[in-house]
Amino acid sequence: MATWSNLNFQNSASPLMEQIIFFHDHTLIILIMITILVWYMMLSLFFNKYINRFLLEGQMIELIWTILPDIIKIFIALPSLRLLYLNDELNNLLITIKSIGHQWYWSIEYSDFKNIEFDSYMIQEFNLNNSFRILDVDNRIIIPMNNNIRMLITATDVIHSWTVPSIGVKVDANPGRLNQISFFINRPGIYFGQCSEICGANHSFMPIMIESISMKNFINWINNYS
Ligand SMILES: *[C@@H]1O[C@H](CO)[C@@H](O)[C@H](O)[C@H]1NC(C)=O
Ligand SMILES: [Cu+2]
């Protein structure tokens, strides 16, 4: 979970988020190398005695500083595209859960089973009981860990965005349109997210909360759901 001192990504809870963090680090290394090189060149221009005021062109150096950045960009573009298409993959889906954005809460439907449906409202500050402010909800999304889950995401009024950073998911919830995403949470735990599209006055108060549990407990939960 992110706290006030966390300036980086949250720890990943899914293989895809792991890949996203690897890609972020990879790109950052390249950016740092470019920044250092550019600063080195700028500073050495300032403190250099050998200046030729009549230099108009240098075709070889121009060729190098045109082609070299293009080659560097390929090393960023290829992993980026790979990740983009990996994100859209849907394999071995176990269940489908639908999440509908409303002003200002999410409603959840498990249509694979005996029509499990509920609304997921934030817990108000005065009702908090040792839980997390602006992140806790009354009804969590329960999922079995180590399985591919499909989310279908839409909205009823305005655009919302269904986001859970630790599993690397962010999907717009558009009215009249059904978006899908799949994720795989590889450990038990509770994962938080918040609506990520400004959707009105209480946009900040419609968090998303996923509880990842074992398959045995999940089946128990389904069976005992009333
Ligand atoms: C936003 O939520 C608060 C607290 O639940 C509520 O008092 C307020 O009326 C809501 N605002 C709107 C515009 O509905
Ligand atoms: Cu919102």
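The basis for the numbers below is simple: all heavy atoms, side chains too, and nothing from hydrogens, waters or symmetry mates. Ligands are counted one by one from 1 in listed order, and the atoms in each one are counted from 1 as well.
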Worksheet item: Which value, rounded to the nearest 0.5 Å, describes the distance between Ile181 atom CD1 and Ser99 atom OG?
Response: 13.0 Å
Fill in: Which atom of Glu197 approaches the Cu ion (ligand 2) most closely (N/O/S)
O
Practice prompt. Evaluate the side-chain proximity of Ile134 to Gln194: yes if any heavy-atom separation is below 4.5 Å, no if none is.
Written response: yes
Worksheet item: So, Cys195 and the Cu ion (ligand 2): N/O/S under 2.8 Å, yes or no?
Response: yes
Worksheet item: Hey, which N, O or S atom on His203 ends up closest to the Cu ion (ligand 2)?
Response: ND1
Discussion item. Can you confirm whether or not the ring centre of Phe118 sits under 6.0 Å from the ring centre of Trp106?
Written reply: no
Item to complete: Would you check whether Gln124 reaches within less than 4.0 Å of ligand 1, judged by its heavy atoms?
Response: yes
Practice prompt. Please check if any side-chain donor atom of Asn6 sits under 3.5 Å from a side-chain acceptor atom of Thr3, or the reverse.
Written response: no
Discussion item. I'd like to check which ligand 1 atoms, numbered from 1 as shown, lie under 4.0 Å from a non-hydrogen atom of Ala201.
Written reply: 13 (C)
Fill in: Heavy-atom nearest neighbour in the protein, as seen from atom 14 (O) of ligand 1, with distance rounded to 0.1 Å
Trp104 CZ3, 3.4 Å
Discussion item. Do Ser161 and Ser196 pair up side chain to side chain, a donor and an acceptor below 3.5 Å, judged on atom types alone?
Written reply: no
Discussion item. Parallel, tilted or perpendicular: which one describes the rings of Phe218 and Phe113, with boundaries at 30° and 60°?
Written reply: perpendicular
Item to complete: Could you find the nearest protein heavy atom to atom 3 (C) of ligand 1 and give me its residue, atom name and distance?
Response: Asn202 ND2, 3.5 Å
Worksheet item: From atom 9 (O) of ligand 1, is the closest protein heavy-atom distance below 4.0 Å?
Response: no
